[in-house]
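Nothing here was measured: the structure is a model prediction, and the numbers come from that model. Counting starts at 1 for both ligands and their atoms, in listed order.
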Amino acid sequence: MTSLLIRGGTVVRPTGDERADILIHEGTIREIYVRTTGPQKLLAADQTIEANGQLLFPGFVDCHVHFREPGMEQKGTMETESQSAVAGGVTTVCDMPNTNPPTVSITALKEKVRIAEGITACDIRFFFGVTQTEHLPELRRLWTEQGLVTLRNRCCGVKLYLDHSTGNQKAAKGVMEEVFHTCAELNIPLVVHCEDPVLNARAAKLNTREDIAAHSAIRAPESEQRAITTAIELAKKTGTHLHIAHLSTKRGVQLIGQAKKDGVAVTCEVAPHHLFLSTEDYETIGTFGKMNPPLRTPDHCEALWEGIEKGVVDCIASDHAPHTPEEKQVTPALAAPSGVPGTETMIPLLLTVAAGRWPHPRRRAFQPKLMYIDIRRLCFDNPNRIFSLGQTMIEQDTSANLVLVQPEEEWELKGAQLHSKCGWTPYEGWHVTGKPTVVGRW
Ligand code: DOR
Ligand code: ZN
């Protein structure tokens, strides 16, 4: 295929929707003909898609995924998880460093970039992890050496874990402040997993329960809140651009909202599972609902939606973290690994809300305010800006990286039909409205 015409799509833009015909030639947008009241310009191509008002977005960005390669290929590979992302309308992802080996050295990053170069459908960027002081000179070399510029361009920031999760990447004592200083000096966005290790360890020690819901009690809201407070203090002190990963609590929203008002350079993201699931779902999904930070009570979910409405939340990112069903279904329940897949279901779930429906089949109808332009802002414009990803916005002479959305199409989420290697979803059987299809990227 050399040329493609998308006729009569509705381009969702910050400046307002625009009905347009888009001509793509060899992967580049050659012409955008905006339909006004004048006569229709006749554009021709080898292939035509009649969009009939379907929505056109730039390929979505998921700025928080765990694609598992290298080292955990039984859960997923860059190839399989990229297919999952693209099937969900996501064409750029930022992969976390908790692989095996972890991405804490230039050598490890090089190997990941080498694997990613074989994947064309999805643009995979990588976070560099720091758990020990020895990793900081590597980071400095990566960011300053001329010969490493190609590698640096694939690196979207630094990730810091304040407590253990999959891959045991908790930063060693005393490393945290140094990481903040280094990121401030080198002007690197710093993503922090905010859970307090002392509070978590104490609660785990005191815990006597074995049911899966105990996970939410052990890693309690206070743990996230304390860690967010610490991280914001360090951001204030050092001037680092702090990005808080998977914000999950009411108080966390308030703390970040206040820090923003105070002029601290802080941004944050929320994961779909914290927006659509709650502790009430343990009853039906059991250990498949175990993740870090854990599911919260419904009042927290509502506060996160409010944070989106008020503009405190900058991004929605999936924290796509596949584990095999065998790994998840263990006894005792609390021994199950944490994490859920989500990169393929994120956009459909959000489209459902924008279509005026609530996809959860059991939880009471709840109608947050979310428009299509908000999805673009949260899952494209903001992550693209925060992590300097350089993706283009549907403009002439830029590479064609588009998602066509059929906003009224209703379909059912089924783990077996999704593309992640893990083969399951916590949203099994949910009905969603809105189907994304990636076009123009080949
Ligand atoms: O639930 C989670 N899963 N939280 C994390 O922090 C890591 C992730 C994973 O890699 O499985
Ligand atoms: Zn994560």
Side-chain angles (χ1 to χ4, degrees), residues 62-78 81 84-85 93-104 112 124-129 131 156-171 190-197 200 212 215-216 218-219 223-224 227-228 231 243-249 268-275 277 281-282 285-296 315-328 330 333-343 346 383 387 420-422 424-426:
D62 186 349
C63 66
H64 188 149
V65 302
H66 300 263
F67 276 6
R68 304 304 194 200
E69 194 174 355
M72 298 182 221
E73 289 83 354
Q74 82 282 7
K75 300 177 197 280
T77 64
M78 287 197 212
E81 304 319 287
S84 184
V93 297
C94 303
D95 180 64
M96 288 298 165
N98 60 336
T99 42
N100 188 12
T103 326
V104 293
K112 278 190 153 183
I124 311 179
R125 310 295 178 91
F126 300 99
F127 283 105
F128 194 89
T131 59
C156 42
V158 168
K159 173 73 184 283
L160 186 68
Y161 287 84
L162 301 193
D163 196 4
H164 283 311
S165 195
T166 306
N168 292 337
Q169 289 229 316
K170 179 186 152 193
L190 174 61
V191 177
V192 182
H193 177 128
C194 287
E195 288 190 275
D196 187 90
N200 284 359
I212 188 61
H215 184 61
S216 292
I218 295 168
R219 298 179 85 122
S223 168
E224 177 175 282
I228 289 178
H243 180 84
I244 291 171
H246 39 53
L247 170 67
S248 67
T249 58
C268 68
E269 79 200 20
V270 164
H273 44 264
H274 292 126
L275 292 170
L277 300 170
D281 290 288
Y282 281 130
I285 60 176
T287 54
F288 289 101
K290 182 172 187 256
M291 78 284 293
N292 296 326
L295 293 178
R296 308 291 189 195
C315 310
I316 297 180
S318 73
D319 197 5
H320 178 79
H323 296 282
T324 68
E326 296 74 32
E327 289 166 335
K328 280 296 229 183
V330 291
L334 290 173
S338 294
V340 291
T343 194
M346 173 171 76
F387 300 107
S420 169
K421 193 168 184 183
C422 74
W424 61 275
T425 170

Distance-only donor-acceptor check, side chains [X] and [Y], under 3.5 Å:
{"X": "His273", "Y": "Asp319", "value": "no"}
{"X": "His246", "Y": "Asn292", "value": "no"}
{"X": "Arg68", "Y": "His320", "value": "no"}

Looking only at protein heavy atoms, which one is nearest to [atom], and how far off is it?
{"atom": "atom 7 (C) of ligand 1", "result": "Ser165 OG, 3.3 Å"}
{"atom": "atom 4 (N) of ligand 1", "result": "Asn292 O, 2.9 Å"}
{"atom": "atom 3 (N) of ligand 1", "result": "Ser338 O, 3.0 Å"}

Any heavy atom of Met96 sitting closer than 4.0 Å to ligand 1?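 In this structure, Met96 fails to qualify as a contact of ligand 1 - no heavy atom is under 4.0 Å.
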Any His323 heavy atom less than 4.0 Å from ligand 1: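 It does; at least one heavy atom falls under 4.0 Å.
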As an exercise, identify every atom of ligand 1 less than 4.0 angstrom from a heavy atom of [X].
{"X": "Ala321", "value": "3 (N), 8 (C), 9 (C), 11 (O)"}
{"X": "Met291", "value": "1 (O)"}
{"X": "Tyr161", "value": "6 (O)"}
{"X": "His193", "value": "6 (O)"}

Restricting to N, O or S, what is the name of the atom of Asp319 that lies nearest the Zn ion (ligand 2)?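 Looking at Asp319, the N, O or S atom with the least distance to the Zn ion (ligand 2) is OD1.
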Work out the angle at the Zn ion (ligand 2) between NE2 of His66 and NE2 of His64, rounded to 10°.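 Result: 110°, to 10°.
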Under 3.5 Å donor-acceptor, Lys421 side chain and Glu73 backbone: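 Checking the backbone N and O of Glu73 against the side chain of Lys421, a donor-acceptor pair under 3.5 Å is found.
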For the atom pair [atom1] ([X]) and [atom2] ([Y]), what is the distance rounded to the nearest 0.5 Å?
{"X": "His164", "Y": "Thr131", "atom1": "NE2", "atom2": "OG1", "value": "9.5 Å"}
{"X": "Ile228", "Y": "Ile244", "atom1": "CD1", "atom2": "CD1", "value": "4.5 Å"}
{"X": "Phe67", "Y": "Thr99", "atom1": "CZ", "atom2": "OG1", "value": "13.0 Å"}
{"X": "Leu277", "Y": "Ile285", "atom1": "CG", "atom2": "CD1", "value": "5.0 Å"}

Output field: ring centroids Phe387/His243 closer than 6.0 Å: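 Under 6.0 Å, so yes.
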Applying a 4.0 Å heavy-atom criterion (strictly less than), which segment of Val340 is in contact with ligand 1: side chain, backbone, both, or neither?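 It is neither; nothing of Val340 touches ligand 1.
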His320 contact mode with ligand 1 (heavy-atom cut-off under 4.0 Å):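 Within the 4.0 Å criterion, His320 makes no contact with ligand 1.
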